[in-house]
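Some notes on the structure that comes next.
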Amino acid sequence: MGIGELVGAGRTADVFALDDGRVLRRYRGGGDATGEVAVMAYLAERGYPVPAVWPGAAAGELVMQRLSGVTMVEALANGAITAERAGEMLAELLRRLHAIPPRLSADPGHRVLHLDFHPENVMLTPQGPMVIDWATAAEGPPGLDSAMAALILAQVAVTVPAVSVAARAVLCSLLRQLDGIDGEHLAEARRRRAGNPTLSPDEVGKLDEAVALITEAAGS
């Protein structure tokens, strides 16, 4: 397995090309990818659109199918997809995910949750949309996942002026497709985001504004 060029970098991991049509995702700081591999394999077995995945040589590594296409963010930027359709697609993917029984939990109300579900983590490939980056996956009430997805979009809208209009439009579209955002789930999503060590002080400081935007958009 020859490790090639760096093809992507996120807040916690780097992605390298391999010589066999796959990529290596390597966490910085000793993160463990074992659970992520198990969740992705479980979802793939049930027909959910995730890349094929294999364990890496170390606990902080995983090997994935290399996808062709662009992220939903890139598709929005180049006009290949509208904000309305992006919100619809996000809602469709969330509904499909939350129809799958939990892998571990015995609670009948629990489902697999992504908990970092946003347009940068959706790849638009020739085979259809694929959901990536399952590092924060957990199991729990699906409403929490929907609240987190809305909160991330709202947070981008209030912290990144260059894409604020697009993020608000995608958020409004997503909210129209959902059955509503439960207040308790939104409060829990806010608490989790506030404790996320990868967020900047400015991002954390705008969380209340983001929550207010969701409330406003849901009522419009």
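We count residues from 1, following the sequence as given.
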Do the side chains of [Y] and [X] get nearer than 4.5 Å, heavy atoms only?
| X | Y | value |
| --- | --- | --- |
| V53 | W134 | no |
| D179 | S146 | no |
| L115 | L144 | yes |
| M89 | L124 | yes |
| Y42 | P101 | yes |
| D208 | R190 | yes |
| L43 | L97 | yes |
| Y48 | R96 | yes |

Ignoring hydrogens and angles, tell me if any N or O in the side chain of [X] forms a donor-acceptor pair with the backbone of [Y] under 3.5 Å.
| X | Y | answer |
| --- | --- | --- |
| E209 | V158 | no |
| D133 | D116 | no |
| K206 | T159 | no |
| E74 | T71 | yes |
| E203 | Q155 | no |

So if you build clusters from Ile, Leu, Val, Met, Phe, Trp, Tyr with side-chain heavy-atom gaps below 4.5 Å, do I214 and L178 land together? yes

Taking all heavy atoms of [X] and all of [Y], pick out the closest pair and write down the distance.
| X | Y | value |
| --- | --- | --- |
| H110 | S105 | ND1-OG, 2.9 Å |
| R22 | D20 | NH2-OD2, 2.7 Å |
| M130 | P51 | CE-N, 3.6 Å |
| H114 | T136 | O-OG1, 2.8 Å |
| A150 | L171 | O-CD1, 3.6 Å |
| R111 | A99 | NE-C, 4.2 Å |

Evaluate the criterion salt bridge (Lys or Arg N to Asp or Glu O under 4.0 Å) for residue pair E88 and R85; output intermediate values, then yes/no. CA-CA 5 Å; E88 292 171 354; R85 180 57 188 141; 3.4 Å; yes

When rounded to the nearest 0.5 angstrom, what is the spacing between [atom1] in [X] and [atom2] in [Y]?
| X | Y | atom1 | atom2 | value |
| --- | --- | --- | --- | --- |
| R192 | L151 | CZ | CG | 12.0 Å |
| R168 | E216 | CZ | CD | 7.0 Å |
| M148 | H118 | CE | NE2 | 10.5 Å |
| R103 | R46 | CZ | CZ | 9.5 Å |

Quick one about D202 and S200 (side-chain donor to acceptor, distance below 3.5 Å, no hydrogens or angles considered), yes or no? no

Could you give me the CA-CA distance, side-chain angles and deciding distance for D32 and T34, then say whether side-chain hydrogen bond (donor to acceptor under 3.5 Å, both in side chains) is met? CA-CA 6 Å; D32 189 345; T34 306; 2.6 Å; yes

A quick test of your reading: do over 12 heavy atoms of other residues, nucleotides or ligands sit less than 6.0 Å from CD of E184? no

If you draw a 6.0 Å radius around CD in E120, do more than 12 non-hydrogen atoms from other residues or ligands fall strictly inside? no

Name the residue from R26, R28, R25 that meets the side-chain hydrogen bond (donor to acceptor under 3.5 Å, both in side chains) definition with D14. R28

